[in-house]
S.K.: 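Sharing a structure, written as structure tokens. Questions coming.
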Amino acid sequence: MIVWQKIVFFILFTMLLSACNEPILNNPYPKGLDDQQSVLYSSFSERPKHLDPAKAYSSNEYAFIGQIYEPPFQYHFLKRPYELEPLTAKQMPQIRYFNALNQPLAETSTSDEVAYSDYIIEIKSGIQFQPHPALAINQQGQYLYHQLSAEQLESIQLLADFKQTGTRELTAADYVQQIKRLVHPEISSPIAELMKQYIVGLGDYAQTIKEKPRTALKDNDINGVEVLDKYRYKIRIKGKYPQFIFWLAMPFFAPMPWEADEFYSQKALIDKNITLDWQPLGTGPYMLDENNPNLRMVMLKNPNFHAEFYPSEGEPEDKMNGMLEDAGKRLPFIDKAIYLLEKETIPYWNKFLQGYYDGSGIASDSFDQAVQFTGEGDVALTASMQAQGIQLQMAVNSSTFYMGFNMLDSVIGGSSEPARKLRQAVAIAVDYEEYISIFNNGRGVAAQGLIPPGIFGYSADKEGINHYVYDWHNGHVQRKPVTAALTLMQEAGYANGIDPKTGESLVLYLDTAVSGPDDRARLNWYRKQFTKLGIQLVIRATDYNRFQQKMRDGNAQIFMWGWNADYPDPENFFFLLYGPNAKTVHGGENAGNYQNPEFDRLFKQMSYMNNGSERLTVIRQMQELIRYDAPWVFGLHPKSFSLYHSWYHNLKPNLMVNNELKYRRIDAQKREQLREQWNQPVLWPIGLIVLLMVVLIFPAVRSFQRRAKETIK
Amino acid sequence: MFNYILRRILYAFPLLLGVNILTFVLFFIVNSPDDMARMQLGQKHVTEQAIDNWKLQRGYQLPLLINQEVAGLEKIKQTIFYQKSLRLFVFDFGVSDSGRHIGADIQQRMWPSLAVALPSLLVGLFVNISVALMMVLFRQSYLEFSSIVLCIIIMSISSLFYIIGGQFIMGKLLMLVPISGYDTGINAFKFLILPVLIAVVSGVGAGARWYRTLFLEEIEQDYVRTARAKGLTETQVLFKHVLKNAMIPILTGVVVVLPLLFMGSLITESFFSIPGLGSYTIDAINSQDFAIVRAMVFLGSVLYIIGLLLTDISYTLVDPRVRLS
């Protein structure tokens with residue numbers, strides 16, 4: 001058989017093979033990984049900067065440490081509105097109030113009377129830390145790896161290289177140790193300064209340990225934080241601060257054994273990048289088995305995890321939605337969670353569609369492929385998504401994006417009537433419904449005030465609308481027409497947008513941090529909104545550093561910013577407009593430097609109240625004040641759309657919970673079947689290409705051979 | 001030759017110092033130590049006290065280039081530049097602003113970069129030379145003309161298109177390879193097929209045309225005419241004589257890029273989720289991590305200088321007429 005015949009035969013054979021059932025070739029995971037265990041496949045686009053619970057403060061960091069560390073309290077997985085419940089604590093804390101003379105006060109005492117609040121927390125007994133070399137001891141009870149010798153260090157490159165691990169019971173002292181860590185200068189916790197304002201003695205403690213190593217933390221005590229016995233500790237805070245309980249549900253207040261600081265303080269380990277910021281040590285349902293955030297991060301079920309069970313009660317519709325099918329079962333369900341680095345959305349999306357990721361967000365590139373709007377304006381999955389059995393989940397985030405006015409500015413700021421009317425006119429003209437439709441693919445809710453849906457005080461009915469910007473029309477909110485804004489402009493002294501001082505269009509300045517060329521369309525849109533009022537908007541785009549500097553110096557006139565809630569309480573939003581938090585004067589989070597004594601008074605009153613009708617009344621008064629003063633154009637509350645495969649269970653949006661992995665369940669068998677069905681390789685085009693190349697080259701080869709054999713005639 | 005190499009190494013020091021100063025100045029024109037602290041501490045509840053503490057812990061409380069508060073040599077020594085940048089000359093990259101040892105990170109990340117870059121270079125070289133030889137062998141035929149047109153089309157398309165298109169066709173439509181990902185050891189092979197294939201295909205246009213030009217230049221030389229006159233066939237002339245002589249510019253062109261293979265490729269690594277060095281610098285710039293930026297710029301400069309030196313040396317090895325003095 002001559003060569004070209006062999007080639008054609010090979011191609012035909014390959015094409016024949018493609019008709020048969022081929023093994024999956026595009027599987028990015030090793031074969032058999034899912035055989036014996038339930039594995040979750042997810043991804044991350046940016047490496048978490050910190051895994052030390054005293055430092056971590058971003059959602060991508062909480063995605064990991066939320067599963068590893070356990071603060072004393074957590075949010076109920078199913079109940080709404082968000083409700084705190086004990087996690088490692090035996091019950092909710094006992095809160096005792098004291099006056100300035102340290103005399104006990106009644107529970108009903110007002111904030112003016114209360115000088116100190118004591119939070120007494122009792123934790124459950126028998127909770128064990130995950131297996132970890134920092135806790136490994138020999139038969140004499142001495143720690144094996146707290147003073148590593150050069151010989152021991154030789155064979156150690158990763159934490160997994162330590163041959164021995166150990167564990168011990170969680171105690172109240174571990175929680176106190178973590179509070180101490182918050183103010184150690186080496187750790188630089190983002191909430192250190194905030195907590196010094198509240199926890200009694202924390203500021204003094206920071207001074208005491210300023211020059212000392214982390215290993216000295218356990219030997220120095222904080223005045224206001226006390227270990228009462230093995231399972232109980234007390235935190236004394238200044239005054240009355242009901243929101244403190246929410247902080248106790250965050251990883252900042254998770255326990256840390258002193259052994260961790262002792263172990264990870266060894267320079268030789270730091271030089272090998274083995275640090276607590278990289279290798280956590282917790283009591284949670286999972287432990288970090290592999291941390292290579294340039295490739296993947298792998299969490300394994302913690303073999304020492306204490307008994308915790310899936311909730312058996314929730315909202316009324318939870319049962320109908322199958323959310324209670326696992327009620328009473330021991331957590332967690334997933335054995336291993338693999339998070340892979342995917343920086344780009346396109347490969348991530350395609351791998352999700354192939355079944356190699358269990359869940360996905362929806363990038364703007366793939367929005368139309370995934371979701372469609374029905375005639376009634378509802379959101380539905382496209383036919384191809386439905387055919388794959390993909391589930392769609394939507395949730396409004398506990399965050400708000402706004403356009404702020406610098407209240408120190410002489411044109412648009414201040415409490416004068418013209419300035420206020422100018423701001424109100426702008427608030428009407430900037431059409432955030434259009435913005436959401438154009439730039440967010442409809443993923444957002446136009447804000448009526450400061451509070452997003454899901455937070456106490458939010459109301460979607462007529463009572464809840466910003467009646468300076470919207471009208472209530474046939475049971476729906478409707479933005480006021482631009483004519484209403486033009487009337488306000490006239491009343492403000494800027495008829496048709498003309499500045500009487502110059503006789504030309506009023507010029508306003510929008511300061512913004514530009515992140516890329518995509519922002520151009522967005523900024524042009526803003527210009528267009530101001531043009532409706534005859535105002536010329538000048539964009540002063542800069543990098544984020546300079547933008548922040550301008551904000552600190554009070555040099556911006558109009559700006560855009562956002563806020564993501566720390567905890568589900570209206571106080572965590574209203575404080576963004578609280579006078580003493582003004583950014584320019586006090587360096588706080590009130591970026592527009594809004595000052596209104598009445599608002600400040602109501603803020604303080606509202607902060608100390610429990611949720612109820614009285615608090616709601618105060619909140620409505622506060623909303624009314626800021627809607628009238630219009631220090632912000634209330635922008636939008638973003639809506640997140642998430643997609644999950646049919647084999648992924650126990651999915652309920654909970655934007656406050658960061659330890660949700662323990663509730664999730666995967667049907668690995670179903671996933672395996674569908675992956676195989678969706679990923680059959682197609683081989684025939686390869687054969688076709690080869691055939692084409694042969695057909696193309698063959699005549700040239702023949703011609704060349706003929707030419708080479710030619711002789712001079 | 002030894003003296004020449006020594007002299008080139010000595011020349012490298014002021015060059016590297018210049019690069020170091022330039023990087024330093026450019027970085028701190030855009031980012032102040034306060035900005036760096038804010039970036040590391042996050043956006044919420046950041047106070048001046050926290051920023052000062054962060055700077056103090058990492059040595060960013062010092063002046064940038066000259067410390068007016070001290071006397072003598074300390075004016076230079078008690079600065080961020082001296083404390084942070086000069087250690088690089090002994091390849092002590094120090095600790096990143098987020099607390100990671102940079103040397104250990106580089107060591108870990110350079111291998112995946114090399115795993116993609118080296119086969120891409122070798123296979124690409126082989127394919128480019130083969131296609132160029134084919135074009136020369138079949139010159140004046142429809143095969144040469146169509147190859148040139150194809151090369152120009154290939155050159156005209158953005159490399160990003162090849163990546164997205166390659167992932168779509170090979171990974172999504174045909175399902176022959178994983179769309180992205182990486183693994184260690186032998187398991188890395190299946191993840192490398194697609195990036196290497198794309199690197200080779202996207203580079204074949206420019207590469208093959210360049211080598212074709214080299215071969216065509218050689219084929220006009222007198223020694224080729226002599227070889228033909230001796231009665232050698234066209235393939236013998238091409239492979240035994242033309243290829244050998246054209247190897248000098250090919251080899252020197254390859255040697256110069258060899259050290260830089262460790263540095264990886266930003267786009268390829270980003271799209272294929274390859275844990276290499278390609279994105280290390282960009283990520284550091286985005287997170288305002290000066291420690292990594294200065295280390296990577298320094299390393300890049302050193303490798304480039306090594307590449308140039310190797311090129312010079314390789315000239316002497318492949319062309320006996322060249323002498324380094």
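In what follows, chains carry the letters A, B, and so on, assigned in the order in which the sequence lines appear, proteins first and then strands, with residues in each chain numbered from 1.
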S.K.: Just so I understand: if I count every heavy-atom pair under 4.5 Å between each of K272(A), Q157(A), E342(A) and chain B, which residue has the most?
M.R.: E342(A)
S.K.: Where does S270(B) contact chain A at under 4.5 Å (heavy atoms): side chain, backbone, both or neither?
M.R.: both
S.K.: Which residue out of I346(A), L353(A), N350(A) racks up the most heavy-atom pairs below 4.5 Å with chain B?
M.R.: N350(A)
S.K.: Do you know which of W278(A), Y57(A), Y29(A) has the most heavy-atom pairs with chain B at a distance under 4.5 angstrom?
M.R.: W278(A)
S.K.: Chain B: which of N564(A), L340(A), D277(A) shares the most heavy-atom pairs with it under 4.5 Å?
M.R.: N564(A)
S.K.: Going by the angle between their ring planes, with limits at 30° and 60°, are F575(A) and W563(A) parallel, tilted or perpendicular?
M.R.: perpendicular
S.K.: Quick check on salt bridge (charged side-chain N to carboxylate O under 4.0 Å, His left out): which of D97(B), D34(B), D35(B) does K55(B) satisfy it with?
M.R.: D34(B)
S.K.: Side chain, backbone, both or neither: which part of Y142(B) has a heavy atom under 4.5 Å from chain A?
M.R.: side chain
S.K.: Considering all heavy atoms of both residues, which atom of S146(B) and which atom of L143(B) are nearest to each other, and what is their separation?
M.R.: OG-O, 3.2 Å
S.K.: Which bit of Q354(A) is near chain B, if near means a heavy-atom gap under 4.5 Å: side chain, backbone, both or neither?
M.R.: side chain
S.K.: With only heavy atoms counted, which part of I164(B) is less than 4.5 Å from chain A, the side chain, the backbone, both or neither?
M.R.: side chain
S.K.: Side chains of S113(B) and E269(B): do they bring a donor and an acceptor to under 3.5 Å?
M.R.: yes
S.K.: Among D566(A), N581(A), V701(A), which has the most heavy-atom pairs under 4.5 Å with chain B?
M.R.: D566(A)
S.K.: Report, in residue-number order, which members of residues 231-240 of chain B are under 4.5 Å from chain A by heavy-atom distance.
M.R.: E234(B), T235(B)
S.K.: Can we call the ring centroids of F352(A) and Y348(A) under 6.0 Å apart?
M.R.: no
S.K.: For Y356(A), which atoms come within 4.5 Å of any heavy atom of chain B: side chain, backbone, both, or neither?
M.R.: neither
